[in-house]
A.B. asks: 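Would you mind keeping the following structure in view while I ask a few things?
Chain letters run A, B, ... following the sequence lines, proteins first, then strands; residues in each count from 1.
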Number of protein chains: 2
Amino acid sequence: MKTPLVTVDIIIFTVMEKDLKVLLIKREIDPFKEKWAMPGGFIKIDEPLEEAAKRELYEETSVKDVYLEQLYTFGGIGRDPRARVITVSYFALINSNEVKIKASSDASDVRWYAVKQLPELAFDHRKIIEYALKRLRWKLEYTTVAFKLLPEKFTLTQLQEVYEIIFDKELDKRNFRKKILSLGLVKETKETQKEVSHRPAKIYSFNRSIGIGEIVEIF
Amino acid sequence: MKTPLVTVDIIIFTVMEKDLKVLLIKREIDPFKEKWAMPGGFIKIDEPLEEAAKRELYEETSVKDVYLEQLYTFGGIGRDPRARVITVSYFALINSNEVKIKASSDASDVRWYAVKQLPELAFDHRKIIEYALKRLRWKLEYTTVAFKLLPEKFTLTQLQEVYEIIFDKELDKRNFRKKILSLGLVKETKETQKEVSHRPAKIYSFNRSIGIGEIVEIF
DNA sequence: CCAAAAGTGTTAGTGATACACCCATGT
DNA sequence: ACATGGGTGTATCACTAACACTTTTGG
């Protein structure tokens with residue numbers, strides 16, 4: 001029986017330099033040579049899907065330890081000019097600290113692009129990124145995944161910036177804090193910001209008694 | 001290159017006889033001979049995924065014209081004892097009127113089962129149904145899909161019953177009506193219920209200016 | 001006139017929004 | 001002392017939740 005090929009693709013987001021970014025790789029082979037694409041590739045016959053996604057991400061970008069969830073399976077005919085290929089796409093988040101270490105890990109053909117300034121993309125990857133972006137906004141509104149875009153310890157202003165950047169909208173500082181604190185999502189640490197030329201902010205950490213990705217209506 | 005096989009499976013829900021039901025088929029061949037399974041099967045090499053889902057559903061159960069959306073892609077190794085099989089599952093809703101015509105369409109080995117009384121299921125289908133049920137509850141809360149479980153014209157009590165059955169929880173009649181009417185989800189028709197031995201209810205229809213499945217916070 | 005389900009308003013409480021000033025630190 | 005971002009409270013409005021009786025029809 002003829003059966004389609006199966007790939008996984010990973011769309012990984014981070015917040016960096018006050019911008020929402022995705023990690024892309026420049027293709028070195030046809031089809032779509034020289035175009036940019038999300039990390040991904042064919043799955044192995046004895047490999048679970050999510051593991052394949054992690055493996056491809058690590059092989060191609062040296063990025064690991066990310067929040068990962070399945071996004072959608074794209075299976076239109078003609079996605080790939082060579083053959084029928086079905087791709088199971090995964091949605092990943094990583095915090096900007098780890099990114100600094102890993103993004104430049106190999107050649108310069110792996111880059112973080114601001115989602116507002118994407119280059120020409122291979123396959124149907126633009127469509128996939130748009131879909132992922134909707135999911136990301138939804139996830140921020142209704143779950144606690146935002147914390148996966150921040151390091152272990154953060155200030156409330158940093159947290160608010162994550163929301164503002166992704167929603168592309170300013171939020172009221174007082175109301176934001178009231179909401180986050182009343183939901184008990186974070187706990188204070190004893191630390192404060194260092195070496196800032198203004199009043200230092202309190203440092204918080206995520207309240208681990210609430211699961212990351214758990215459904216909590218935030219806005 | 002070795003590549004997995006790809007199937008689609010459809011989990012179709014309806015509300016019937018004051019119960020939430022799913023359509024299952026008794027398998028006539030191994031593996032899992034005599035066990036019940038969701039409709040589905042291998043996709044064709046030149047067939048879009050969603051079309052494959054519709055085709056399998058129609059071939060196996062004569063059910064068509066359903067609300068259909070992709071649910072999740074299950075790809076664990078060992079799902080199918082014969083080979084590596086990845087299944088793209090679809091989530092479908094149909095209203096109980098159409099069901100009456102079509103459910104008994106062929107042999108008695110196609111049956112609607114109450115989700116609370118499922119028989120022994122093939123493959124990982126129980127897990128898939130549980131996942132679908134969570135999605136269904138979520139969809140009812142945040143979108144307008146409930147209307148896909150009702151005929152074109154319905155009473156508010158019928159609508160409320162759909163919610164009560166799926167949430168497995170009683171709702172306040174006055175508050176429910178206030179909410180539905182204030183969201184403008186329905187419009188009154190000129191008709192009323194006939195041949196009931198009590199005050200006849202007004203008949204409503206879905207307000208088509210709001211898309212089915214559109215996100216609207218209902219509860 | 002009885003049974004059955006339809007239909008309808010008010011109140012109290014909770015959460016959302018809008019808004020402006022003082023505080024702590026480094027230079 | 002000034003510049004910078006950190007941190008805080010209150011009032012209004014909208015929405016939610018709880019709750020019981022009257023209406024219309026058929027039998």
A.B. asks: A:Ala201 side chain: which of C:dC19, C:dA6, D:dG6 is closest?
C.D. replies: D:dG6
A.B. asks: Remember a base hit wins even if backbone is also touched, and classify A:Thr155 as base, sugar-phosphate or nothing at under 4.0 Å, heavy atoms.
C.D. replies: nothing
A.B. asks: Return whichever of A:Asn175 or A:Gln193 has its heavy-atom-nearest nucleotide of DNA chain D closer to the 5' end.
C.D. replies: A:Gln193
A.B. asks: Taking the side chain of A:Thr157 as heavy atoms from C-beta outward, which of D:dC19, D:dG6, C:dC19 is closest to it?
C.D. replies: D:dG6
A.B. asks: Check this for me: does the side-chain of A:Arg174 come within 3.5 Å of the base of C:dA20 through a donor and an acceptor?
C.D. replies: yes
A.B. asks: Tell me the interatomic distance from B:Asp172, atom CG, to D:dC15, atom P, rounded to whole angstroms.
C.D. replies: 18 Å
A.B. asks: Which comes earlier along DNA chain D counting from the 5' end, the contact point of B:His198 or that of A:Ser197, where each point is its nearest nucleotide?
C.D. replies: A:Ser197
A.B. asks: Rounded to the nearest Å, what distance is computed from the CD atom of residue B:Gln160 to the C1' atom of nucleotide C:dA5?
C.D. replies: 12 Å
A.B. asks: Test for a donor-acceptor pair under 3.5 Å between the base of C:dT10 and the side chain of B:Lys178, counting only N and O atoms.
C.D. replies: yes
A.B. asks: How many angstroms lie between atom CZ of A:Arg111 and atom CG of A:Leu24, to the nearest 0.5 angstrom?
C.D. replies: 9.0 Å
A.B. asks: Atom CZ of A:Arg177 to atom C1' of C:dG15: distance rounded to whole Å?
C.D. replies: 20 Å
A.B. asks: Step through the shown structure and confirm whether more than 12 heavy atoms of other residues, nucleotides or ligands are within 6.0 Å of CD on B:Glu217.
C.D. replies: yes
A.B. asks: Looking at A:Arg199, I'd like to know whether one of its side-chain N or O atoms comes within less than 4.0 Å of OP1 or OP2 on D:dT4.
C.D. replies: no
A.B. asks: Taking the side chain from B:Gln160 and the backbone from B:Phe176, do they hold a donor-acceptor pair closer than 3.5 Å?
C.D. replies: no
A.B. asks: Would the distance check show the side chain of A:Glu214 and the main-chain N or O of A:Gly211 forming a donor-acceptor pair, the cut-off being under 3.5 Å?
C.D. replies: yes
A.B. asks: Tell me: NZ of B:Lys173 to P of C:dA4, nearest whole Å?
C.D. replies: 14 Å
A.B. asks: Considering only heavy atoms from C-beta outward, does the side chain of A:Leu185 approach that of A:Ile218 to under 4.5 Å?
C.D. replies: yes
A.B. asks: Once you round it to whole Å, what is the distance between C1' of C:dA6 and NZ of B:Lys194?
C.D. replies: 15 Å
A.B. asks: In whole Å, what is the span from the CD atom of A:Glu170 to the C1' atom of C:dA18?
C.D. replies: 14 Å
A.B. asks: Between atom CD in B:Glu217 and atom P in D:dC15, what is the gap in whole Å?
C.D. replies: 12 Å
A.B. asks: Could you state the CG-P distance from A:Leu181 to C:dG15, rounded to the nearest angstrom?
C.D. replies: 15 Å
